[in-house]
Number of protein chains: 2
Amino acid sequence: MPMESEPLFPPLARDALSQRIARILTDAIVSGQLKPGDRVAESVIARDLGVSRAPVREAGRLLESAGLLVSKANRGFFVRTIDAEDLDALYELRLCIEREAAARVVREGRLADILDPLRALIEQMVALSAEKRLMHQIVVDLQFHRLIVETSGNQRFLAVFDKLASEIQACTALIERVFDEPGMIARNHYLIIEALETGDPEQARSAMDYHIGVARKAVVEHFRKLEAEGGA
Amino acid sequence: MPMESEPLFPPLARDALSQRIARILTDAIVSGQLKPGDRVAESVIARDLGVSRAPVREAGRLLESAGLLVSKANRGFFVRTIDAEDLDALYELRLCIEREAAARVVREGRLADILDPLRALIEQMVALSAEKRLMHQIVVDLQFHRLIVETSGNQRFLAVFDKLASEIQACTALIERVFDEPGMIARNHYLIIEALETGDPEQARSAMDYHIGVARKAVVEHFRKLEAEGGA
DNA sequence: TCAAGGCAAATTGTCGACAGACGACAATTT
DNA sequence: AAATTGTCGTCTGTCGACAATTTGCCTTGA
């Protein structure tokens, strides 16, 4: 007899145009087709896609709350611009969350559940780094961190992280290659695992502090340079 | 000669319909007219208010990203339910943010800018506490904390705090009177100010830790009791 | 009596249309 | 020539209508 708890056919995601449209727009932003500050007019998108404006609008709101778009009254949506200061604030928030999440994972003894997946993700990163596929590497990087936050068991942490992650990913096209010391970033993640393995929440916390601190400094500096040259 | 930096006429904020509707719904939720789990049907609201469904929908999305509503596909909006575990996670997140914000305020020497307003807010709280106007007191309480987060200068912190605050406020109708030791909560805020005045970020951090920790425990316990008796 | 299936009401998802708001450019004044 | 005002096209905010989906009820059959 069939277990009804195991859906043989997942719900055939016809969940609505709006979600599909949101994905299309997201891809366009992440891939750099749409650049920060670009206007995203409902009517234009709707015409192009051959749908009415309603689902486009819906998708816009979705991406707005994801932090990828901003809307001005009576003017519609624009791709969110982000400056170095903003990025710095973002990373500081990320720090607060992940620091605590790492400590929680250790404290509640959940580390064993995810050690293997974490290691697998690092290996993926190393491989991608060797192939110079930075954008893809960043995705896996975020998956690594997400897994830790998810395992912390605090749903709120995860929600905030996901929002931050989507914004970070949206910057990928701008980041290009921040630092390319081959496989360095990837391998640095082993330090996090080691700290987690000590079983000491405080060490987990400070390892995460350090790791994110490094990324923060690198990314923010990179952005400051971009602003200095291309800046208004 | 007129200073053009001083606008004689402020921008005549004529919020869109959707914003007004969002406010109406928010009030209904905060005041307890709409209870957690209640259905909020677009069509019904639209009929009642005498507008079309579009702005109601918009308002729904707004409150969804504020965390007051949730939406199920093809089923519409429902007032968000919140359980003790969820509240606990919420307070843990709040802790992470405010702890760091307090430290930042001290570190960047911004305390002097807000000492007076903070004291004024505490006095308001004391007064409201004496009048047993708990719901109003909570609003002022949140303003106190918001001012600190705002002054920290990290926009991300503020954004997250505002979202959390709106959810906390939405629970007010359920919290009723958690603990009523007259003026106790209000006066406890002086401890925070004292810690901030030491100029030591670490003390600021731990004062905030303690303060929010107390609130967290009280609120969560209160909720557990509610669940135990009224629980499904 | 109860389960299965189907029908009807209600509600959301989507659409095309219209009026008002905004930005850009042209016309006008100083 | 610079600044102000008038005009126009484009886009959003809102609307009413239709299609698709869900839910609860009612019928039907064992």
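Proteins come first, then strands; the chains are lettered A, B, ... in the order of their sequence lines, and each starts at number 1. Hydrogens, waters and symmetry mates play no part in the numbers below; they use all other heavy atoms, side chains included. Computed from a predicted model, the values in this text were never measured in an experiment.
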What about the rings of B:H189 and B:F144, do their centers lie closer together than 6.0 Å?
yes
What parts of residues 21-29 of chain A reach DNA chain D, counting only heavy atoms under 4.0 Å away?
none
Is the shortest side-chain N to carboxylate O distance from A:D88 to B:R156 below 4.0 Å?
no
Take atom CD of A:E42 and atom C1' of C:dA17, then tell me their distance rounded to the nearest Å.
15 Å
State whether the side chain of B:N154 and the backbone N or O of A:A89 hold a donor-acceptor pair below 3.5 Å, judged by distance alone.
yes
Base D:dG13 paired with A:R57 side chain (donor-acceptor, <3.5 Å)
no
Closest non-hydrogen atom pair, B:L62 against B:A22
CD2-CB, 4.0 Å
Can you find a side chain N or O atom of B:S43 that sits less than 4.0 Å from OP1 or OP2 on C:dA10?
no
Can you tell me if A:R75 touches the phosphate of C:dA21, counting only side-chain N or O atoms and a distance under 4.0 Å to OP1 or OP2?
no
A:R39 CZ to C:dC22 P: how many Å, rounded?
12 Å
What integer distance in Å separates B:F78:CZ from C:dT11:C1'?
10 Å
Would you say A:S18 places a side-chain N or O within less than 4.0 Å of OP1 or OP2 belonging to C:dG13?
no
Write down the distance between CG (A:D38) and P (D:dC11), rounded to a whole number of angstrom.
14 Å
What's the CD-C1' distance between A:E64 and D:dT12, to the nearest Å?
14 Å
Return the value, rounded to whole Å, for the distance between atom CG of B:L49 and atom P of D:dT14.
13 Å
Would B:R39 and B:F77 count as a side chain to side chain contact (heavy atoms under 4.5 Å, CB included) here? Give the steps.
CA-CA 6 Å; B:R39 183 167 194 176; B:F77 295 102; over 6 Å; no
When you measure from the side-chain N and O atoms of A:S52 to the phosphate of C:dT14, is any distance below 4.0 Å, counting only OP1 and OP2?
no
C:dT28 -> Watson-Crick or G-U wobble partner, both distances under 3.5 Å, gives D:dA3
Between B:E58 and B:R53, which has a closest nucleotide on DNA chain D that is more 5'?
B:E58
CD1 of B:I45 versus C1' of C:dT12: gap in Å, rounded?
14 Å
Would you check, one step at a time, whether the test salt bridge (charged side-chain N to carboxylate O under 4.0 Å, His left out) holds for A:E64 with A:R80?
CA-CA 9 Å; A:E64 184 180 22; A:R80 153 149 216 178; over 6 Å; no
Please pick, from C:dG13, D:dC15, D:dT12, the nucleotide with the shortest atom-to-atom distance to any side-chain atom of B:P55.
D:dC15
From the options C:dC22, C:dC15, D:dC11, select the nucleotide whose nearest atom is closest to the side chain of A:N74.
C:dC22
Spacing of B:R47 atom CZ relative to D:dT14 atom C1', expressed in whole Å
18 Å
Determine whether more than 12 heavy atoms belonging to other residues, nucleotides or ligands lie under 6.0 Å from atom CD of B:E85.
no
